[in-house]
Protein chains: 2
Amino acid sequence: MRATDLRIIKTKSALKEALTNLLKKKALNSISVTEICRLANVNRGTFYSHYGQVGDLFEEFFRDLMTDLTDSYLEPYKHVQILQTDELNPDTIRIFHHIEKNSEFYRIVFSESVPISYYYLLFHHVQELIKNDMHLHGETGVDAAMLSAYQANAILGVVIEWSRQNFRQSAAELSGILVRILNFQFRGMKARPGDNGSPAGQPGLSGTGEHE
Amino acid sequence: MRATDLRIIKTKSALKEALTNLLKKKALNSISVTEICRLANVNRGTFYSHYGQVGDLFEEFFRDLMTDLTDSYLEPYKHVQILQTDELNPDTIRIFHHIEKNSEFYRIVFSESVPISYYYLLFHHVQELIKNDMHLHGETGVDAAMLSAYQANAILGVVIEWSRQNFRQSAAELSGILVRILNFQFRGMKARPGDNGSPAGQPGLSGTGEHE
DNA sequence: ACTTTTATTATACAAGTGTCCATTAAAAAG
DNA sequence: CTTTTTAATGGACACTTGTATAATAAAAGT
């Protein structure tokens with residue numbers, strides 16, 4: 001069962017193409033294996049020799065996106081030194097751009113009757129990105145799994161709300177909103193004369209600022 | 001179709017009882033309508049006259065829990081005046097106790113192949129609780145929907161991680177972990193002599209402290 | 001080009017799904 | 001207690017699901 005067998009490649013891409021087309025017209029959870037195979041001209045038994053269910057086929061799209069997300073995430077931290085909560089460059093939060101770019105896809109991931117497993121894929125991916133980032137900045141004294149879970153899901157909360165509002169804001173606007181949220185959380189410490197010490201960078205995002 | 005018709009009450013409770021028993025032995029997504037009806041001695045057509053799918057029956061359990069969650073949530077804010085990020089009474093965060101008490105149920109809600117809609121029910125409920133709480137404390141200058149989404153999902157991120165670790169910590173321990181996370185986020189502003197001003201209460205939770 | 005390997009097909013099966021309708025029986029209304 | 005209302009039943013329908021197996025055909029290996 002070499003993965004390079006031409007027959008396998010042909011079958012799989014036919015199935016993916018069929019699913020892509022069906023997703024333009026109906027919800028993921030209402031698409032049947034039979035339907036995909038009919039459209040792809042592939043025997044139903046062949047489908048089951050490659051995938052267990054419709055979702056497994058959909059998941060293959062997901063893997064590619066997660067790679068792109070990694071790239072989107074790492075970018076802003078190249079400029080982490082110049083970040084100030086007050087003047088965060090809206091373009092910095094690339095994660096919103098990544099989602100905006102693929103909003104067609106994320107619309108499905110966040111839709112009601114889809115299994116939560118896709119959300120978990122996204123969540124765990126962001127969590128890992130944050131956790132890796134934390135290690136770069138040394139020990140925090142806080143349970144790393146819990147802290148990263150808190151921070152990752154906080155961002156995704158904003159994204160969920162964004163998708164619930166049909167992605168009507170631009171990614172740049174979303175970044176602005178996030179900045180205001182972070183500022184609000186830290187409102188106790190700013191605007192205090194003679195107290196201009198770097199206020200923990202982007203704690204809402206990775207929690208790993210540039211100080212200490 | 002008065003909701004008080006004895007036949008309806010009898011049928012519905014028989015179906016619920018059957019589902020409850022089945023859930024002790026197998027996953028929600030692997031339980032069929034046929035199976036429930038067989039166990040409940042209810043005609044399959046009768047099931048469909050009340051519910052559209054197995055999930056709709058499960059959702060009825062959920063409604064009750066959300067009421068209990070409201071009670072659990074409101075409790076700690078009766079003591080909000082005495083809250084300090086440094087010495088937050090672990091018992092204060094009742095939401096963890098609520099989940100611990102019903103962990104049997106939440107284990108299902110957070111399990112992989114279940115639809116994300118249940119998570120949304122929980123998320124939106126917590127979001128509303130936080131939003132109401134925000135209004136009590138006046139305008140924030142931040143998009144209320146986005147801020148509450150951020151804060152609600154942050155807490156749920158910790159809960160997801162908790163369930164992923166099979167709820168091995170106690171609710172009290174979880175509260176302690178949350179306190180440490182919040183302290184970490186605010187580490188830039190504490191231990192600064194002569195700067196003992198209430199540090200924004202519980203921003204990670206509701207973001208509405210007691211100052212201003 | 002020929003042989004070997006194996007992915008794909010056609011077909012069949014038992015089981016579940018969602019929907020419909022005529023019949024039955026239990027509850028509500030008088 | 002009798003009548004009226006309507007929930008529940010039993011049976012049937014076309015359809016999807018997941019699995020299995022022998023036959024076919026396309027690719028890989030020599």
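Note that the structure is a prediction, hence the values are computed from the model and not measured.
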Does [X] place a side-chain N or O at less than 4.0 Å from the phosphate oxygens OP1/OP2 of [N]?
X      : N       : value
H50(A) : dT8(C)  : yes
T11(B) : dA8(D)  : yes
T46(A) : dT9(C)  : yes
Y48(A) : dT19(D) : no
T34(B) : dA15(C) : no
K12(B) : dA7(D)  : no

Task: Donor-acceptor pair under 3.5 Å, R7(B) side chain vs dA27(C) base - done: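 Donor-acceptor pair under 3.5 Å: no.
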
Open item on the list: I'd like to know if N43(A) reaches the base of dA10(C) with its side chain such that a donor and an acceptor end up less than 3.5 angstrom apart.
Closed with: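 Flag set: donor-acceptor pair detected.
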
Please report, rounded to the nearest Å, how far the [atom2] atom of [N] is from the [atom1] atom of [X].
X      : N       : atom1 : atom2 : value
N41(A) : dT9(C)  : CG    : C1'   : 12 Å
Q53(A) : dG16(C) : CD    : P     : 18 Å
I9(A)  : dT8(C)  : CD1   : C1'   : 15 Å
I8(B)  : dA8(D)  : CD1   : C1'   : 10 Å
I36(B) : dA8(D)  : CD1   : P     : 16 Å
N29(A) : dT17(C) : CG    : P     : 15 Å
F47(A) : dG18(D) : CZ    : P     : 9 Å
L15(B) : dA7(D)  : CG    : P     : 15 Å

- [ ] Could you give me the CA-CA distance, side-chain angles and deciding distance for R63(B) and E60(B), then say whether salt bridge (Lys or Arg N to Asp or Glu O under 4.0 Å) is met?
- [x] CA-CA 5 Å; R63(B) 306 289 175 193; E60(B) 289 208 344; over 6 Å; no

Task: NZ on K26(B) to OG on S32(B), rounded to 0.5 Å - done: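 Result: 6.5 Å between the selected atoms.
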
Minimum-distance nucleotide (side-chain atoms of [X] versus [options]):
X      : options                  : answer
R44(B) : dA8(D), dG18(C), dT16(D) : dG18(C)
L6(A)  : dT17(C), dA8(D), dA27(D) : dA27(D)
V33(A) : dT8(C), dA28(D), dT17(D) : dT17(D)

Open item on the list: Whether E35(B) and R38(B) form a salt bridge (side-chain N of Lys/Arg under 4.0 Å from carboxylate O of Asp/Glu) is what I want to check.
Closed with: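 Salt bridge between R38(B) and E35(B), a charged N being under 4.0 Å from a carboxylate O: no.
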
TODO: Determine, for E161(B) against R164(B), whether the closest basic-nitrogen to carboxylate-oxygen distance falls under 4.0 angstrom.
DONE: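 Yes, this pair counts.
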
Task: Candidate list F105(A), F58(A), F61(A), test ring pair (Phe, Tyr, Trp, His ring centres under 6.0 Å), partner Y118(A), passing option - done: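 Answer to the ring pair (Phe, Tyr, Trp, His ring centres under 6.0 Å) test with Y118(A) among F105(A), F58(A), F61(A): F58(A).
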
Task: Test side chain to side chain contact (heavy atoms under 4.5 Å, CB included) applied to V159(B) and I95(B), step by step - done: CA-CA 10 Å; V159(B) 175; I95(B) 192 174; 6.0 Å; no

Open item on the list: Which is more 5' along DNA chain C, the nucleotide nearest I31(B) or the one nearest K10(B)? Just name the residue.
Closed with: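 Nearest nucleotide further toward 5': that of I31(B).
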
- [ ] Give S32(A) one of three labels, base, sugar-phosphate or nothing, depending on what nucleic acid heavy atoms sit under 4.0 Å from its own.
- [x]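 The residue S32(A) makes sugar-phosphate contact but no base contact.
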
